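Heads up: the structure comes next, in structure tokens.
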Amino acid sequence: METLEPLRVSSKWICLSIVLVLLYAIPSSSTDASLDVPRNVSVDGIMFEGEILGKPPKCRHRKYCKLKSCRNAPICKDKKKPKEEKERVEYCETDRCLKTARVIKANMDERIDPCDDFYSFACNGFSKQNPQPEGSNYRDVDFQIKYDVIDKLISSYGCAKRAMKSKDIWPLARGYVINFGMKNRERKDLERMMSNIRESFMDDLSAIPWLDDSTEKRARKKAKAVKFVLSHNDELFKHDEIPPKMLNADGRLKEDVTFDLPTSVNAIYIVESNTIFLPRAMMSYPFFNTGLPVLDYAAMGSVLAHEFTHSFDSCGRNYDENGYKKDWWSAEAAEQFKRRERWFKEQYGQFFITTKKGEKLYLNSNFTINEDISDNGGVSLAYRAFKKLHPKKEKLYRLDEYTDEQLFFIGYANSFCRSETVEFTEETIENDEHSPSKYRVNVPLSNMKAFARAFKCREGSNMNPRKKIEIW
């Protein structure tokens with residue numbers, strides 16, 4: 001009798017059989033927990049548009065479709081977010097823009113941290129490239145404007161220098177008006193700028209927490225009444241000779257008359273008439289016609305806003321909309337203003353220079369408080385007015401790494417660039433109603449949150465102190 005040998009089946013076939021049995025034993029409606037994916041959700045960034053619990057899907061993805069019910073469904077198309085198109089950068093290529101970019105870049109010293117000393121960051125290059133003329137102790141952009149104005153009419157700087165303070169300036173001024181008068185486009189641009197500054201001031205009044213309703217109403221009324229006079233008194237320059245009433249006994253022009261001259265480089269606010277006066281020479285590069293609106297607002301806009309703020313500084317706030325001395329403040333609002341005035345004095349009073357003798361000479365904000373308030377209010381107001389514009393987005397060559405916000409602050413600082421001796425700075429602190437240029441830039445900008453955001457300055461750094469002061 002034959003003995004049957006046991007059937008030998010390899011372990012490979014046994015395992016395969018078990019797997020097949022298990023596959024057919026599982027109902028087709030069962031699902032794995034990892035496949036319990038709701039309709040139209042994203043799995044690892046891929047859209048799965050199927051039903052749950054094994055219901056027929058609209059489409060399938062190779063990686064996630066192991067159910068019988070979805071094997072015959074079409075393959076899903078990947079739904080990825082479209083790539084965001086990069087904003088196209090346009091460059092201003094006019095001669096004015098090219099010159100502006102060249103000048104600003106040369107004035108800067110980008111080795112300096114803007115969050116440490118912004119004035120030096122923006123102006124150290126100017127100081128190095130513009131040594132003081134012989135016999136002078138300073139040089140700034142105002143000096144260049146005066147030179148350019150007179151150079152259009154005469155060739156000798158020495159002659160012009162003698163003429164600036166004598167009646168001989170009259171034919172020069174008259175010739176400047178006749179040959180280089182303001183264009184209609186410039187007038188309209190400046191009037192629009194002033195209108196934007198006024199509107200920004202009035203729009204933001206309600207956001208000042210310490211200003212009560214009655215005082216705010218009077219402030220709004222005065223702001224609306226501020227007059228804006230461009231260029232000069234046309235009637236004056238119809239005369240071949242200077243009117244005698246404009247001369248002192250020694251034949252020199254009276255001090256107040258120089259502001260009526262188109263060659264004067266000094267905008268003023270006249271409190272008794274609630275009027276801002278802007279001479280023709282101020283409407284020149286680098287204050288105006290820089291090529292870009294952001295830089296026009298940074299320089300000329302800050303000048304106009306500075307003068308506008310004078311109507312609400314420690315002196316101007318005591319006059320009404322008609323220029324009459326009158327107390328229109330509530331007692332509480334007046335106290336709040338004076339408190340912030342004291343804070344400004346304390347802030348400016350902590351800064352000092354080292355004199356030639358090696359001594360510390362501190363700023364005297366008791367003397368400069370009106371200008372300090374207007375410096376702070378002016379640049380802030382000009383910035384807010386610019387932000388409400390929607391100008392064409394353009395960049396400057398060699399400065400395209402800077403945003404519009406950064407360019408605004410760089411342009412503002414550039415309008416104060418100055419090369420001066422230590423003796424001149426000492427004289428400024430002791431006798432000038434303005435603070436030295438460095439502090440007219442650094443202190444107001446350090447009080448602006450917008451500046452700290454623009455340059456990402458660390459809180460507690462020189463240009464982003466924890467305590468910031470503002471009135472307007």
Side-chain angles (χ1 to χ4, degrees), residues 92 94-97 99-100 141-142 144-146 148-149 152 173 176-203 222-237 258-270 273-312 374-375 377-392 394 404 407-408 411-412 414-416:
C92 179
T94 64
D95 291 341
R96 179 63 69 183
C97 281
K99 177 182 178 181
T100 297
V141 293
D142 291 0
Q144 189 60 46
I145 291 175
K146 292 174 184 176
D148 290 344
V149 167
K152 289 179 178 179
Y176 184 69
V177 169
I178 294 172
N179 294 283
F180 304 99
M182 185 168 53
K183 299 175 182 177
N184 288 333
R185 180 190 61 79
E186 294 175 329
R187 182 180 293 275
K188 289 180 180 179
D189 288 346
L190 285 166
E191 288 175 346
R192 189 181 302 113
M193 180 183 288
M194 188 64 221
S195 177
N196 290 339
I197 289 170
R198 189 198 311 272
E199 288 178 9
S200 296
F201 180 85
M202 295 173 69
D203 289 346
K222 182 174 183 181
K224 191 175 181 179
V226 173
K227 294 181 284 293
F228 182 44
V229 177
L230 285 172
S231 194
H232 51 270
N233 186 339
D234 291 324
E235 291 297 320
L236 288 178
F237 294 96
T258 59
F259 296 123
D260 282 329
L261 294 178
T263 50
S264 174
V265 188
N266 187 24
I268 61 169
Y269 170 74
I270 304 173
S273 61
N274 196 25
T275 301
I276 296 172
F277 180 80
L278 186 68
R280 175 67 182 92
M282 278 294 292
M283 305 169 207
S284 305
Y285 181 87
F287 286 104
F288 195 55
N289 284 328
T290 60
L292 290 184
V294 60
L295 296 176
D296 282 348
Y297 269 78
M300 179 56 73
S302 293
V303 169
L304 295 178
H306 171 101
E307 301 303 332
F308 187 90
T309 308
H310 269 310
S311 60
F312 299 96
S374 294
D375 282 341
V379 64
S380 176
L381 180 54
Y383 180 79
R384 301 196 307 266
F386 167 72
K387 291 297 287 182
K388 292 183 178 181
L389 292 179
H390 298 284
K392 181 181 178 181
E394 288 185 304
D404 277 357
L407 269 182
F408 177 91
Y412 172 74
N414 260 259
S415 67
F416 286 98

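Predicted model, so just to flag it, every value in this text is computed and none were measured. Residues: numbered from 1 along the sequence shown.
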In plain terms, say whether Asp189 and Arg185 are close enough for a salt bridge, that is, a side-chain N and a carboxylate O under 4.0 Å apart.
yes

Does any non-hydrogen side-chain atom of Leu292 lie less than 4.5 Å from one of Cys92?
yes

Output, in order, the C-alpha distance, side-chain angles, deciding distance and verdict of side chain to side chain contact (heavy atoms under 4.5 Å, CB included) for Phe408 and Ser302.
CA-CA 10 Å; Phe408 177 91; Ser302 293; 4.2 Å; yes

Geometric class of the Phe308/Phe312 ring pair [parallel <30°, tilted 30-60°, perpendicular >60°]:
tilted

[atom1]-[atom2] distance between [X] and [Y], expressed to the nearest 0.5 angstrom:
{"X": "Asp375", "Y": "Tyr412", "atom1": "CG", "atom2": "OH", "result": "5.0 Å"}
{"X": "Leu304", "Y": "Tyr269", "atom1": "CG", "atom2": "OH", "result": "14.0 Å"}
{"X": "Asn274", "Y": "Lys224", "atom1": "CG", "atom2": "NZ", "result": "13.5 Å"}
{"X": "Asn414", "Y": "Phe287", "atom1": "CG", "atom2": "CZ", "result": "10.5 Å"}
{"X": "Leu190", "Y": "Asp296", "atom1": "CG", "atom2": "CG", "result": "8.5 Å"}
{"X": "Arg198", "Y": "Ile276", "atom1": "CZ", "atom2": "CD1", "result": "7.5 Å"}

Between Leu278 and Ala267, the two heavy atoms sitting closest are CD1-CB, 3.7 Å

Evaluate Arg384 against Ser380 for side chain to side chain donor-acceptor pair (under 3.5 Å), listing each step before the verdict.
CA-CA 6 Å; Arg384 301 196 307 266; Ser380 176; 2.8 Å; yes

Take atom NZ of Lys227 as the centre, draw a 6.0 Å sphere, and report whether it contains more than 12 heavy atoms from other residues, nucleotides or ligands.
yes

